[in-house]
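Since the structure comes first, as structure tokens, the remarks are kept for the end.
Everything numeric in this text was worked out from a predicted model, so none of it was measured. Lettering of chains follows the sequences in order, A, B, ..., and the numbering in each one begins at 1.
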Amino acid sequence: MISIALDGVTKRYTKGEHVLTPLENVSLEIASGDFFVLLGPSGSGKTTLLNLLAAIDRPDAGRVIVGGTDLAKLPSGRLASWRSEHVGYVFQQANLVPVLTAYENVELPLWLFPMSRAERHRRVSLALEAVGLLERAAHLPRQLSGGQEQRVAIARAIVADPPLIVADEPTGNLDHESADGVLTLLSRLNVERGKTIVMVTHDPRAAARGTRRMQLDKGQLLDLQPAGTP
Amino acid sequence: MARSLPLDYAVRNLARRPLRTVLSALASALVAALLVAASAFVRGLDSTFAGAARDDVAIVLSSVAQRDVLRSTVSAGAGSLIEADVPEILRVGGTPAVSSEIHSGTNVRLGPLSEARADEVAHPGFVRGVTDRAFLVHEAVTLIEGRPGRTGEVIVGRLAARQMGVPEESLAVGKVLRFEGGEFTIVGRFAAPGTTIEAEIWAPLSELRGLTKRDDSSVVFVRVERPGEFAGLELFALRRLDLELVVIPSSLYYQELVAYFRPIRALAWIMAALIAGAAVFGGSNALNAAVQDRLRELASLCAVGYSTWALARSLAVEALLVAAAGGVAGLALAKVALHGGSIRIAMSAFRLDADAHSVLVGFGGVLLLGLFGTAPAVIRIRRISIATALKEP
Amino acid sequence: MKLARLIAKNLKRRPMRTLLTLLGVASAMLLFVLVESLSAGLDRAMGGTEAARTLVVYRQNRYCPQTSFLPESYVERIRKIPGVVSALPVKVFLNNCRASLDLVTFQGAPAEELLRARPVQVLEGDAARFVRDADAALVGRAFAARKGLRVGDSFRFGNITVKVAGIFSSAEPVEEDVVMTHLEFLQRAGPVNRLGTVTQFEVKIDDAARAKEIAAAIDDQFRTAQEPTDTRAKLAFLESATRDLREILGFARWLGIGCVAVVLALVANTVLMSSQERVREFGVFRTLGFREQHIAFLVLGEALILALGGSALGLGAAQLIVETSHVSIGSEGVSVGFRIVPALALRVALVAGAAGALAGLYPALRSASRPVVAALREA
Amino acid sequence: MSTRTILSVLVLALAACSQGSESPPPPADPARPVAVLPASLRLESAPSAALSVVEVRAAANGTEVAVTGRVKDIVATRAVFTIADLSLKSCAEPGDTMDCETPWDYCCEDPARLAAGVATVEVRSGAELATGTIQTWNGLDHLKSVVVVGKLTKDDKGNATIIASGIYVQS
């Protein structure tokens, strides 16, 4: 179980002479167990916010506290292992390693933990079972459909059992049916396993799965009605 | 002919991956330099023995010597008998161009005996005992310093120091050498470009005979009036079977010497081939990658109407540009690395020169290798299916 | 270990590229290995155990066996010189004096003395038969391998015909490329009957430290004789005989170093390509929690495998060439073979490893230090 | 310049220079015209009772002889050659591993034996030596056995020359 707090976070990028400020003094709290959906037009800073939560980027100002850890205070050498223990990242593209089988792709994060082969096998099997692809374990990514690839990516994100899953447009490249499968999977992870999920999307159908939704626009957050409430 | 892609396209492509281009050019430079070196080695080896060959000079040596001047012994009078009996001999101002000589591989010590130290080193050197007539036969020999030697004096070739493995200055005019128990002052230095003679020490024949306790010569060099006209000389040898002589045109003699080093030459070329092999593999690799990177782009060029040949040509130009740039750098590298270098071998020595020929081999070699290297990439381009390629990520 | 598997899998991703790189490295390293193995062979030839305790007495001012003639009778006078343990008169006959790829060397000496004086061990055949039969020969194993000779074969060379009575190994490596015959047989065998003359004397002395002194004493004995002598330690003798060879080797070594540089460029280029096309993948690895070191390891590992794998191929090819061709280069009667010894293999591995590491260093650092967010944005 | 032009120039250049480096320039090979010799020189059958070369060298100066031997050296521009006694061993005999490019030189023979077993054969055209080589005349070549009929001339050094009037070449 993990909770998230952003406190006055600002992030700037310099691109040539232009300075972009996707996040300006943003504060936000996400409760443990939320399925938090972040909406917004492209370029609004959604991915930036996600990257800050996933500790692959650092804010220029403000604090990002995930599960009680102030990420800014974490030495950069510790960040990587913090990530492997706390965050599962799902991308718009599955980003699987093409030379590894589905099984090995899922196994990848476990290589970082001291763990017996049998234990790894158990966890990978569980994760693949959870996404319904156990029978495809030996397939290479190019032998899978787009939806299947994305489900393997989700399995990879949950295999190390991180409390937080961040998903960046996980259905952006998928057809309706596959997208539904992926969203259902994320909902179940949220409901059945209590994972905190932060998902970025601009697909309203995807957004509808969230327990809490916010809109990011011009660096500012705007609270939206939770799904299902009139 | 279908439309060609502008040269600019190839150039810009090279700038896309600057580091890769630089590395390819670097490899190309190294290969060019190595090819130049190998070629200079072979050239030097060949020319040092072939350079002394002349159409109008024959070598008379003993028939049991198996064509080895070092083992040959010819009776001391053979020279004058040849002069008297063979009408075709060239005469310069009345003096027949017949040179009786002793060829001797011997140990040479530096400095006068009075200064000799107990632990002094003997250097194997090649000493030729000659008379003044030697200059009539060996036209390539030119004194570049001093004068011809008289008794107790020698002249040295400008590569002799290198051949003996001693510093240049120890064979300067005025220095003293000792060999075969005699002491000699150097009074002259000579050049004989591109021939093995340049690595020799020339001493007076009669003095050398006395010192080596021999009353014969090793060989007689004979120069005739008309190139190739050695019949009179051959007849002489066959009629005077008691002298046990054979006549070998110098061109043939040196050709055999060159043939002798064929194995070493072969080694040098095998080395060059291996280097070239490495280069071709490396080159094809880089170009293959260039195609892989741009598969979609190439497909779209096809889609707008460029033939795959046009693409292949552009790729070849790319390869040639890199090879040429590297090649130029390599030539400069070779020039610097080989400068003043020389190799001593088998009682001779030769300079390593990045001459026009080696440069052509090195530069032409890398260009050709560059083209060979394009082959796999070209095959790949020819096989491009536009539809699939356009879908590539 | 798991990451190593990933490296291996990644090399299979572009089989063509991997193959071309391996072959390129292999060609370059083949050259390097051949040059170095010749150098190893030379070291071995010079490193004979007896070289320090042996003097070679030669005709003064001759340095090809074909021109050195000494009266056999000198041997008695040499044996009387203090410090001399034994003296062996040896007649040498060989096909040529210059550097050559196919040197044939006969050495004739009194048979029993020969077996006593030299550290040889008859591997096949019969030493007794060699002693008994006038035209019998003991053939060094390197020479036997080169010419495909077996015990019982007849071997003709020029007008010398010998019967192979045995094949021997020797603690003196250069001797393994020699045909040993009876002295008298070889004296009569050449085109000119040279009964009573020998090429050299091999003198064993009691104290290696006194080599110079004893050599001088020997030369003094014959200073005024018709055939003066020149006595040198065997090592110095070998050194001067292999001068041509060392000269060529010196040049070839430069080419070898050039080849290592080519390997460097080849591997660097391949690894650079490989890491460039995987920028995004590495970004994903980083989000999964892999550290910079892991990424660097992946890239560096690839470079090392390419360099070491290619070198192993080159080494194998060289081994194959050396084993099957039995080539040796001879000069002034001393034969030097190509030798691939463990130390050489180790050196090749070290050189290749260093070249690979150097080649992989920049791509590895670049890949590892790339910010994750930027990497993920790569196409 | 099109790529094709570059390519062909390159190939030509390399071909040209590799030729240069592959082999040294061949020696000026003097044209070797075969001597025009009278038909009467050719003998259809071997004369009986031919002497060996060694025997002929012992015969008296000026006598008519028939001698049998093996062709050794052949002069390139005159009808002159030497013959060696059949008892001498050439380097061309089977089983020889010595690298001998001119086996007719008898380089493996004892020089003293060789000197005693060789004679010169000359074919005259009038008073002069016939010009042109005799090599290939009637199949005459190195190491071929021949029987020569002619007049023996000897000098004070023991050198024997036979002025041939008839030559039989064994096929």
Side-chain angles (χ1 to χ4, degrees), chain B residues 17 19-20 23-24 26-27 30-31 33-34 37-38 41 64 66 68 70-71 104-107 118-119 122 124 165 179-181 212-213 260-264 266-268 270-271 273-282 284-286 288-289 292-293 337 341 343-347 352 376 393, chain C residues 14 16-17 19-31 34-35 60-64 66-67 96-102 191-192 212 216 226 228 230 240 243-244 247-248 250-252 254-256 258-259 261-266 268-270 272-273 276-277 327 329 331 362 379:
Chain B
R17 299 271 191 207
L19 192 58
R20 194 189 289 176
L23 275 174
S24 299
L26 186 71
L30 281 168
V31 168
L34 291 172
F41 177 81
V64 293
Q66 289 175 21
D68 182 347
L70 287 181
R71 274 196 277 177
S104 155
T106 186
N107 287 319
D119 60 343
F179 48 84
E180 301 286 356
T212 52
K213 302 188 181 97
Y260 203 85
F261 289 102
R262 214 165 270 153
I264 286 168
L267 276 184
I270 288 171
M271 284 186 181
L274 286 173
I275 295 165
V280 166
F281 291 130
S284 5
N285 208 356
N288 234 343
Q292 177 64 36
D293 280 359
I343 301 267
R344 56 181 180 185
I345 187 169
M347 293 165 267
L352 285 173
Chain C
R14 300 240 183 266
M16 184 66 144
R17 179 167 70 198
L19 184 74
L20 286 173
T21 310
L22 284 176
L23 287 178
V25 173
S27 326
M29 287 310 279
L30 172 58
L31 198 162
L34 285 180
V35 171
Q60 194 181 44
N61 293 328
R62 298 288 182 274
Y63 58 88
C64 176
Q66 280 157 329
T67 53
N96 67 62
C97 233
R98 300 192 183 87
S100 134
L101 283 183
D102 186 23
V192 181
K212 228 168 216 148
Q226 182 75 28
D230 179 18
S240 102
R243 213 173 75 118
D244 269 7
E247 181 75 13
I248 296 171
F251 176 72
W254 282 106
L255 294 188
C259 277
V262 170
V263 167
L264 200 104
L266 272 176
N269 215 351
T270 298
L272 201 68
M273 288 181 225
Q276 269 168 358
E277 70 185 18
V327 178
I329 296 186
S331 167
Y362 174 71

If every non-hydrogen atom of B:M271 is compared with every non-hydrogen atom of C:L31, which pair is closest and at what distance?
O-CD1, 3.3 Å

Check whether any side-chain heavy atom of B:N288 lies under 4.5 Å from a side-chain heavy atom of C:M16, and answer yes or no.
yes

What closest approach, in Å, do B:A278 and C:G24 show between heavy atoms, and which atom pair accounts for it?
CB-O, 3.3 Å

Contact part of B:N285 toward chain C, heavy-atom cut-off under 4.5 Å: side chain, backbone, both or neither?
both

Can you tell me how far SG of C:C259 sits from CG of B:L274, rounded to the nearest 0.5 angstrom?
7.5 Å

Under 4.5 Å to a heavy atom of chain B? For C:A252 that would be both

How many angstroms lie between CH2 in C:W254 and CG in B:L34, if you round to the nearest 0.5 Å?
12.0 Å

Between chain B and each of C:A261, C:A26, C:P228, C:G256, count heavy-atom pairs under 4.5 Å; write down the option with the most.
C:A261

Tell me, out of C:L272, C:L264, C:N269, who's got the most heavy-atom pairs with chain B below 4.5 Å.
C:N269

For B:G282 and C:L266 the tightest heavy-atom approach is CA-CD2, 2.9 Å

Quick one: pull up CG in C:L19 and CZ in B:F281 and give me the separation to the nearest 0.5 Å.
7.5 Å

Please state whether the side chain, the backbone, both or neither of B:I270 comes within less than 4.5 Å of a heavy atom of chain C.
neither

Heavy-atom pair with the smallest gap, counting every atom of C:M273 and B:A289:
SD-CB, 2.9 Å

Output the distance between atom CD (B:Q292) and atom CD (C:E277), rounded to the nearest 0.5 Å.
6.5 Å

Which one wins on heavy-atom pair count under 4.5 Å against chain B: C:L30, C:L22, C:V25?
C:L30

If I compare all heavy atoms of B:G277 with all of C:S27, which pair ends up nearest, and what's the gap?
C-OG, 4.0 Å

Is the closest side-chain heavy-atom distance between B:L19 and C:Y362 below 4.5 Å?
yes

Heavy-atom check, side chain of C:Q276 versus side chain of B:R20, under 4.5 Å
yes

